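What you see is a predicted model, and the numbers here were worked out from it, not measured in a lab.
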Amino acid sequence: MVDEHKAHKAILAYEKGWLAFSLAMLFVFIALIAYTLATHTAGVIPAGQLERIDPTKVRTEGPWADPTQAVVQTGPNQYTVYVLAFAFGYQPNPIEVPQGAEIVFKITSPDVIHGFHVEGTNINVEVLPGEVSTVRYTFKRPGEYRIICNQYCGLGHQNMFGKIVVRE
């Protein structure tokens, strides 16, 4: 009977230890989540700063209307590219930019949700009708980069490609 009592106390102490460890880890995880929320909000768009456009007029008005004027030099080594993602292509296509310049892509859609993924880079943007998605990138190497729509947008989705030509 004494051995059973000692074994029961040992198991109880073991279980209390694991319970204390579990609660401590729970508090650590909650503290880490709170810390992350408080300090890592740089990727969040501040209220009122979301750029919107009328998707019914995007083809006829504004910077997306003329594909020949889609690449605009905005600084000594900075360009803004206005990209229109539509079923089932991109405008302009191809996009020509210089190597080493900071490129600001402003992408929108007149019809449905599209994707704007540039192979070999970390550019991967969801494009929504009526909203302007903005992403910055500097191409370090010259060459051709394929643009892929990675959001299913209809029956011709598998043929939706574009091209970025980075020249030296």
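Legend: residues meeting ring pair (Phe, Tyr, Trp, His ring centres under 6.0 Å) with Y145, ordered by chain and number and at least two apart, are F139. A search for side-chain contact (heavy atoms from CB on, under 4.5 Å) contacts involving V58 returns I53, W64, L84, T108, P110, not counting sequence neighbours. Not counting sequence neighbours, the partners of S109 by the side chain to side chain donor-acceptor pair (under 3.5 Å) test are D111. Residues meeting the side chain to side chain donor-acceptor pair (under 3.5 Å) test with R59, sequence neighbours left out: none. Residues satisfying the ring pair (Phe, Tyr, Trp, His ring centres under 6.0 Å) criterion with F105, sequence neighbours excluded, are F116. Remark: E61 engages no residue in a salt bridge (Lys or Arg N to Asp or Glu O under 4.0 Å) (not counting sequence neighbours). Remark: R136 engages E102 in a salt bridge (Lys or Arg N to Asp or Glu O under 4.0 Å) (not counting sequence neighbours). Here R141 pairs with nothing under the salt bridge (Lys or Arg N to Asp or Glu O under 4.0 Å) rule; sequence neighbours left out. By the side-chain contact (heavy atoms from CB on, under 4.5 Å) test, A101 is found to be paired with N77, Y79, P98, I103, residues two or more places apart in sequence or in another chain being considered.
The shortest non-hydrogen separation linking G115 to N150 is CA-OD1, 3.3 Å. Scanning all heavy atoms of the two residues, the minimum distance from Q91 to A65 falls at NE2-O, 4.3 Å. Heavy atoms only, all atoms of each residue included: F88 and C153 are closest at CE2-O, 3.7 Å.
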Steps toward side-chain contact (heavy atoms from CB on, under 4.5 Å) verdict (I123, H117): CA-CA 6 Å; I123 299 173; H117 172 72; over 6 Å; no
Item to complete: Go through the steps to decide whether N122 and Y137 satisfy the test side-chain contact (heavy atoms from CB on, under 4.5 Å), and finish with yes or no.
Response: CA-CA 9 Å; N122 63 351; Y137 193 79; 3.3 Å; yes
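Within the structure, the salt bridge (Lys or Arg N to Asp or Glu O under 4.0 Å) test picks out the following pairs touching residues 121-131 (sequence neighbours left out): R52-E131.
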Donor-acceptor pairs under 3.5 angstrom involving side-chain atoms of residues 13-28: please list them, not counting sequence neighbours.
residue : atom : partner : partner atom : Å
Y14     : OH   : W18     : NE1          : 3.1
S22     : OG   : W18     : O            : 2.9

Side chains of residues 157-168: which donor-acceptor pairs under 3.5 Å do they make with residues two or more places apart or in other chains?
residue : atom : partner : partner atom : Å
H157    : ND1  : Q151    : O            : 3.1
H157    : NE2  : C149    : O            : 3.4
Q158    : NE2  : L155    : O            : 3.4

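Residues V132 and I107 have side chains not in contact (no heavy-atom distance under 4.5 Å, counting atoms from C-beta outward). Here the side chains of I148 and E119 are in contact, with some heavy-atom distance below 4.5 Å.
Placement of V125 and I95 within a single hydrophobic cluster is found when ILVMFWY residues are connected by side-chain heavy-atom separations under 4.5 Å, directly or transitively. Residues V71 and I147 share a hydrophobic cluster, clusters being chains of Ile/Leu/Val/Met/Phe/Trp/Tyr side chains in contact below 4.5 Å. Put simply, V104 and V127 are part of two different groups of oily side chains (I, L, V, M, F, W, Y) that touch within less than 4.5 Å, one to the next.
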